[in-house]
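Here the structure is a predicted model, which means the values were calculated and not measured.
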Amino acid sequence: MTTLLIVLLAGIAAGALNSVGGGGSFVAFPALVAVGVGAVTANAATTVALLPGGLASLWVYRRDLEPIPSTSIPVLTWTSVIGGALGAGLLLTLPSESFDALVPWLLAFATFVLAFGRKIAKSLRTRVAGRPTIVAGQLLLSLYGGYFGGASGLMMVAFWSVAASIDPGRLNPLRMSQMAAIYLTAGAVFLVASDILTEWLKLVLMFTGAIIGGFGGATVARQLSTRTLRGIVVASAAAMTVGYFVITS
């Protein structure tokens with residue numbers, strides 16, 4: 001019972017974090033590993049489980065969705081769909097030992113992006129890039145999102161704010177839409193080609209928690225300051241990264 005409660009609460013927390021600025025995988029993935037799920041399976045299950053939470057958050061943000069200059073939302077979304085599928089295939093193709101070794105460092109890198117990505121983006125912002133540049137960058141970020149996903153949404157916001165010279169504060173709805181596209185296609189690959197259904201009860205519980213957290217988190221997030229939201233996400237990411245290094249050491 002304790003194990004199942006941990007998974008449910010992790011799903012709620014992950015859905016809420018994703019809705020306010022990203023970083024939900026920092027809770028969901030380590031929680032699944034902590035209750036005995038293998039790293040590759042846990043990563044795949046996290047992607048599938050967090051999809052409904054992302055869709056719930058997107059529903060709340062739907063009226064605030066706007067494109068970035070030079071690139072339409074459909075073009076960006078199809079790029080995310082393709083990149084997510086390629087990343088998921090990469091995760092299932094590479095040896096699991098490779099992923100196990102990479103995970104702590106992917107978490108650390110993603111935490112760095114969460115903490116400093118917007119400052120870097122602000123200092124580098126110049127002019128609006130053309131569609132080929134934005135699409136190429138989005139494809140790479142979507143591939144990473146399908147492979148691991150940690151802070152990929154924040155990386156997108158940083159990239160868009162630099163490439164399209166746009167205020168990051170306006171990009172959260174678009175981030176939610178593109179993460180939903182990545183999770184949708186990567187999740188479909190994982191459902192068909194991975195072994196996540198062997199952990200179906202944990203998957204359902206995290207799935208349910210993510211919906212609750214995603215809808216509730218997005219509703220609350222619209223009332224909170226950007227500084228408060230970022231503080232919550234970065235603190236959670238840092239704690240989970242340190243915890244994962246401790247668990248795997």
(message) Looking at every heavy atom in both A42 and V33, which two are closest together, and how far apart are they?
(response) CB-CG2, 3.9 Å
(message) For L184 and V81: C-alpha separation, side-chain torsions, deciding distance, then whether side-chain contact (heavy atoms from CB on, under 4.5 Å) applies.
(response) CA-CA 8 Å; L184 183 63; V81 166; over 6 Å; no
(message) I'd like to know whether T2 forms a side-chain contact (heavy atoms from CB on, under 4.5 Å) with I6, so could you lay out the CA-CA distance, the side-chain angles of the two residues, the decisive distance to 0.1 Å, and finally the verdict.
(response) CA-CA 6 Å; T2 302; I6 289 172; 4.2 Å; yes
(message) So which atom in Q178 and which in S80 form the shortest heavy-atom distance, rounded to 0.1 Å?
(response) OE1-OG, 2.7 Å
(message) Whether the side chain of N43 engages the backbone of Y147 through a donor-acceptor N/O pair (distance < 3.5 Å, no angle test) should be reported.
(response) yes
(request) For T77 and A181, work out which heavy atoms get closest and say how close. (result) CG2-CB, 3.9 Å
(request) Carefully, step by step, assess L65 and S177 under the rule side-chain contact (heavy atoms from CB on, under 4.5 Å). (result) CA-CA 8 Å; L65 189 63; S177 72; 3.9 Å; yes
(message) Any side-chain to backbone donor/acceptor pair from T198 onto D195? Under 3.5 Å, distance only.
(response) yes
(request) Considering non-hydrogen atoms only, spot the tightest contact between R175 and W160 and give its length. (result) N-CZ3, 3.6 Å
(request) With rounding to the nearest 0.5 Å, note down the distance linking CG in L203 to CZ in F190. (result) 12.0 Å
(message) Give me the atom names and distance for the closest heavy-atom approach of G145 to I182.
(response) C-CG2, 3.8 Å
(message) Is the shortest side-chain heavy-atom distance between V135 and V75 below 4.5 Å?
(response) yes
(message) Just verifying a value: how many Å separate I196 CD1 and L191 CG, rounded to the nearest 0.5 Å?
(response) 4.5 Å
(message) Do I211 and M176 sit in one hydrophobic cluster, given that two such residues count as connected whenever their side-chain heavy atoms are within less than 4.5 Å of each other, even indirectly?
(response) no
(message) Using the rule that Ile, Leu, Val, Met, Phe, Trp and Tyr join whenever any side-chain heavy atoms are under 4.5 Å apart, tell me whether V7 and F207 fall into a single cluster.
(response) no
(request) Rounded to the nearest 0.5 Å, what's the gap from CG on L5 to CG on L205? Could you check? (result) 9.5 Å
(request) Examine distances only and state if a side-chain atom of T71 and a backbone atom of P67 form a donor-acceptor pair shorter than 3.5 Å. (result) no
(request) State plainly whether one hydrophobic cluster holds both L51 and L197, where clusters connect Ile, Leu, Val, Met, Phe, Trp and Tyr through side-chain heavy atoms under 4.5 angstrom apart. (result) yes
(message) Show, in sequence, the C-alpha distance, side-chain angles and deciding distance for L32 and M206, and conclude whether the side-chain contact (heavy atoms from CB on, under 4.5 Å) test is met.
(response) CA-CA 9 Å; L32 288 174; M206 186 164 283; 3.8 Å; yes
(request) For residues L76 and I134, determine if any side-chain heavy atom of one lies less than 4.5 Å from a side-chain heavy atom of the other. (result) yes
(message) Taking I73 as the starting point, is it possible to reach M179 by hopping between hydrophobic residues whose side chains are less than 4.5 Å apart?
(response) yes
(request) Report whether L94 and Y144 are members of the same hydrophobic cluster (ILVMFWY, side-chain heavy atoms less than 4.5 Å apart, transitive linking). (result) yes
(request) Rounded to the nearest 0.5 Å, what's the gap from OG1 on T79 to CG on L143? Could you check? (result) 12.5 Å
(message) Quick check: closest heavy atoms across L91 and A44, and the distance to 0.1 Å?
(response) CD2-N, 4.5 Å
